[in-house]
Enquirer: 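Encoded as structure tokens, here's the structure I'll be asking about.
What you see is a predicted model; the values in this text were computed from it and never measured. When a ligand or atom number is given, it counts from 1 through the structure's own listing order.
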Amino acid sequence: MKELTHYIGGEHVKGTSGRFADVMNPATGEVQAKVPLASEAEVAKAVEIAAKAQPAWAATNPQRRARVLMKLVNLLNRDMDKLAEALSREHGKTLPDAAGDVQRGLEVVEYCIGAPQMLKGEFTDSAGPGIDMYSMRQPLGVTAGITPFNFPAMIPMWMFAPAIACGNAFILKPSERDPSVPLMLAELAEEAGLPKGILQVVNGDKVAVDAILHDPVIQSIGFVGSTPIAQYIYSTGCANGKRVQCFGGAKNHMIIMPDADMDQAADALVGAGYGAAGERCMAISVAVPVGDKTADALIEKLVPRIEKLKVGPYTGGKDVDYGPVVTAAAKANIERLVQSGVDQGAKLVVDGRGFKLQGYEDGFFVGPHLFDNVTPDMDIYKHEIFGPVLSTVRAKTYEEALGLAMDHEYGNGTAIFTRDGDTARDFAARINIGMVGINVPIPVPLAYHTFGGWKKSVFGDLNQHGPDAFKFYTRTKTVTARWPSGLKEGGEFHFKPMD
Ligand code: NAD
């Protein structure tokens, strides 16, 4: 059995805690590797190494630091296929999806090459007699990130690229479900010239997370994952005086107005609802057609498209639309929620229950499901399912549809499909959700904008990537400097024009 490692101090280091988690192949249901679960002492070792390495990295000029990221971009492109394959093998998503995962992370590395521009600071000449005032952005020191299983390449890069570009050391605690790609990323960063100890990977579970939360040297924590854990990490990290940003779960609504292009809306819903088996925090899990006529037309368009979806392993060729879900527990949870939908009176229009794939009977495959007549009191509406299950809630009016999305406790992403600019503009202005698509089903902002939801989808006040990342990974220091030679007798400013 393959035994994975940690990546500490520039070395692959075997786990010493004696605790391991199984890394599954979701397509076959087999255990393919063991990942070590770090002890407090192993986290402390990584922190000690990071704290020693960080000052020299912070003193390296920003442009040299940026050059490391520039090389990393080249290496990521060089190894794209290898990374995608390793990612698919542990996560289960298709190869194009896995390459997309790497690509969206790479784009943030690319954006962070501009760090010297972002870190320039501010200067006020002659703020008083002989006085200059300047603000600079300095790194925090040792920073850490805890990431989810569903984007094992992208989300680590969203965190470590700005962290190291700003001169910090970064300790990554990736998901124990798919830890291989994060380890490969740390190796690549070193190949790109990153000094040892600046980017380390400590594999683990709650024990490692708690060690990070309570370590006095770690200055900041980034978290992406489910809302209950986000809440726990935010409150504990803040109580321990750390800077914390946590991104949680989602229930993304897509509103379909009667004037929408119904083919376009149906295509968008199939991609956004079932792509990556629905295991995306920006997946659309609720369709809200406005008016029964719209709902009927939409369902009619959706059903054949959903029934055509090909579910299979990532090795199954180009035609596979989505792969298995990540674990047997995830599959069981989806099945439990689907059953609750049936029991609570929703109409199961496409029934993916009992789906089996020949040759992969033990894999964690879930067939596609489409519910109609879902109401807000049902569990399938209230909870994040994180699977290939789309719920349709029929609204009578635009106001009712808007109200549904606004009243839901999550506020990550949303979309509206309409041809009417007035309605679209009103929606974008009033909705209390962080990322909004207009005829775009998955409105993930590009690297130079920021990513983040509202309500229970986020805890903390700065978003991921974009300009916010440079704020999160630095502190401002403002210097007021006075030089006596700038003063003449009587305290007036002595200005010597150049001739
Ligand atoms: P998760 O919350 O189970 O795990 C996330 C991380 O927290 C992992 O590293 C895990 O090891 C750690 N963890 C798990 N239980 C813990 C505990 N009790 N104490 C301390 N740490 C713990 O999430 P997941 O299943 O890996 O990812 C899916 C979730 O992530 C979904 O809810 C999804 O919506 C969310 N997500 C959100 C965003 C976003 O940007 N808002 C992006 C991607 C995923």
Enquirer: Could you go step by step and tell me if Asp372 and Arg394 meet the salt bridge (Lys or Arg N to Asp or Glu O under 4.0 Å) rule?
Expert: CA-CA 8 Å; Asp372 193 3; Arg394 292 173 176 236; 2.8 Å; yes
Enquirer: Below a 4.0 angstrom heavy-atom separation, can you tell me which part of Ile155, side chain or backbone, both or neither, approaches ligand 1?
Expert: side chain
Enquirer: Give the residue and atom name of whichever protein heavy atom lies nearest to atom 21 (N) of ligand 1, and the separation in Å to one decimal.
Expert: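 Going by distance alone, atom 21 (N) of ligand 1 is nearest to Val209 CG2, 3.4 Å.
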Enquirer: Give the atom numbers and elements of ligand 1 that come within less than 4.0 Å of a heavy atom of Ile146.
Expert: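 Under 4.0 Å from Ile146, ligand 1 has these atoms: 6 (C), 7 (O), 9 (O).
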Enquirer: Which heavy atom of the protein is the closest neighbour of atom 40 (O) of ligand 1, given with residue, atom name and distance?
Expert: Phe451 CE2, 3.1 Å
Enquirer: Using atom types as modelled, flag every donor-acceptor pair under 3.5 Å from a side chain in residues 439-454 to any protein atom, sequence neighbours excluded.
Expert:
from   : atom 1 : to     : atom 2 : distance (Å)
Asn439 : OD1    : Thr418 : N      : 3.0
Asn439 : ND2    : Thr418 : O      : 3.0
Thr450 : OG1    : Asn463 : ND2    : 2.8

Enquirer: Please list the nearest protein heavy atom to atom 34 (O) of ligand 1 with its residue and the distance rounded to 0.1 Å.
Expert: Glu384 OE2, 2.6 Å
Enquirer: Considering non-hydrogen atoms of the protein only, which is the closest contact for atom 7 (O) of ligand 1, and what is the distance?
Expert: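 The closest one turns out to be Phe223 CE1, 3.3 Å.
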Enquirer: Are side-chain N/O atoms of Gln103 and Glu107 paired as donor and acceptor at under 3.5 Å?
Expert: yes
Enquirer: Does the pair Asp97/Arg280 count as a salt bridge with the N-to-O cut at 4.0 Å?
Expert: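 Salt bridge between Asp97 and Arg280, a charged N being under 4.0 Å from a carboxylate O: yes.
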Enquirer: Quick one: salt bridge (charged side-chain N to carboxylate O under 4.0 Å, His left out) partners of Lys242, sequence neighbours excluded?
Expert: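 So Lys242 forms no salt bridge (charged side-chain N to carboxylate O under 4.0 Å, His left out) with any residue.
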Enquirer: Angle between ring planes, Phe365 versus Tyr360, binned at 30° and 60°: parallel, tilted or perpendicular?
Expert: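 Ring orientation, 0 to 90° scale: perpendicular.
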Enquirer: Among all protein heavy atoms, pick the one closest to atom 28 (C) of ligand 1 and tell me residue, atom and distance.
Expert: Phe386 CE2, 3.6 Å
Enquirer: Just checking, is any N or O donor in the side chain of Asn203 or Lys173 under 3.5 Å from an acceptor N or O on the other one?
Expert: no
Enquirer: Do me a favour and list the nearest non-hydrogen protein atom to atom 27 (O) of ligand 1 with residue, atom name and distance?
Expert: Pro148 CB, 3.3 Å
Enquirer: Output yes when the distance from some N or O of ligand 1 to some N or O of Gly248 is under 3.5 Å, and no in every other case.
Expert: yes
Enquirer: For atom 4 (O) of ligand 1, is some protein heavy-atom partner under 4.0 Å away?
Expert: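 Looking at atom 4 (O) of ligand 1, one finds that no protein heavy atom lies closer than 4.0 Å.
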Enquirer: With ring centroids as reference points, do Tyr111 and His465 lie under 6.0 angstrom apart?
Expert: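 When the ring centroids of Tyr111 and His465 are compared, they turn out to be at least 6.0 Å apart.
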Enquirer: Can you tell me which portion of Glu176 lies within the under-4.0 Å heavy-atom range of ligand 1? Options are side chain, backbone, both, or neither.
Expert: side chain
Enquirer: Looking only at N/O atoms, are Lys206 and ligand 1 under 3.5 Å apart anywhere?
Expert: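 For ligand 1, there is no N or O atom that lies under 3.5 Å from one belonging to Lys206.
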Enquirer: Atom 17 (C) of ligand 1: which of Asn203, Ile229, Thr147, Thr227 has the nearest heavy atom?
Expert: Ile229
Enquirer: Residue-level breakdown please: for Phe151 versus ligand 1, do any non-hydrogen atoms fall below 4.0 Å on the side chain, on the backbone, on both, or on neither?
Expert: neither
Enquirer: Which residue and atom name correspond to the protein heavy atom nearest atom 26 (O) of ligand 1, and how close is it?
Expert: Phe149 N, 3.0 Å
Enquirer: Distance only, no hydrogens: is a donor on one side chain within 3.5 Å (strictly under) of an acceptor on the other, for Arg243 and Ser220?
Expert: no
Enquirer: To the nearest 0.1 Å, how far is atom 2 (O) of ligand 1 from its closest protein heavy atom, and which atom is that?
Expert: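 For atom 2 (O) of ligand 1, the nearest protein heavy atom is Ser226 OG, 2.6 Å.
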Enquirer: With distance as the sole criterion, is a donor-acceptor pair present between the side chains of Tyr232 and Asp210 under 3.5 Å?
Expert: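 Yes.
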Enquirer: Distance under 4.0 Å to a non-hydrogen atom of Val224: what atoms of ligand 1 satisfy this?
Expert: 5 (C), 36 (N), 37 (C), 38 (C), 39 (C), 40 (O), 42 (C), 43 (C), 44 (C)
Enquirer: For the residue pair Thr16 / Glu42, report whether a side-chain donor-acceptor contact shorter than 3.5 Å exists.
Expert: yes
Enquirer: Can you list the ligand 1 atoms lying under 4.0 Å from a non-hydrogen atom of Ser175?
Expert: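 Under 4.0 Å from Ser175, ligand 1 has these atoms: 9 (O).
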Enquirer: Counting only heavy atoms, tell me which of Gly249, Gly225, Cys281 gets closest to atom 35 (C) of ligand 1.
Expert: Gly225
Enquirer: Could you tell me whether Asn150 approaches ligand 1 through its side chain, its backbone, both or neither, with non-hydrogen atoms closer than 4.0 Å?
Expert: side chain
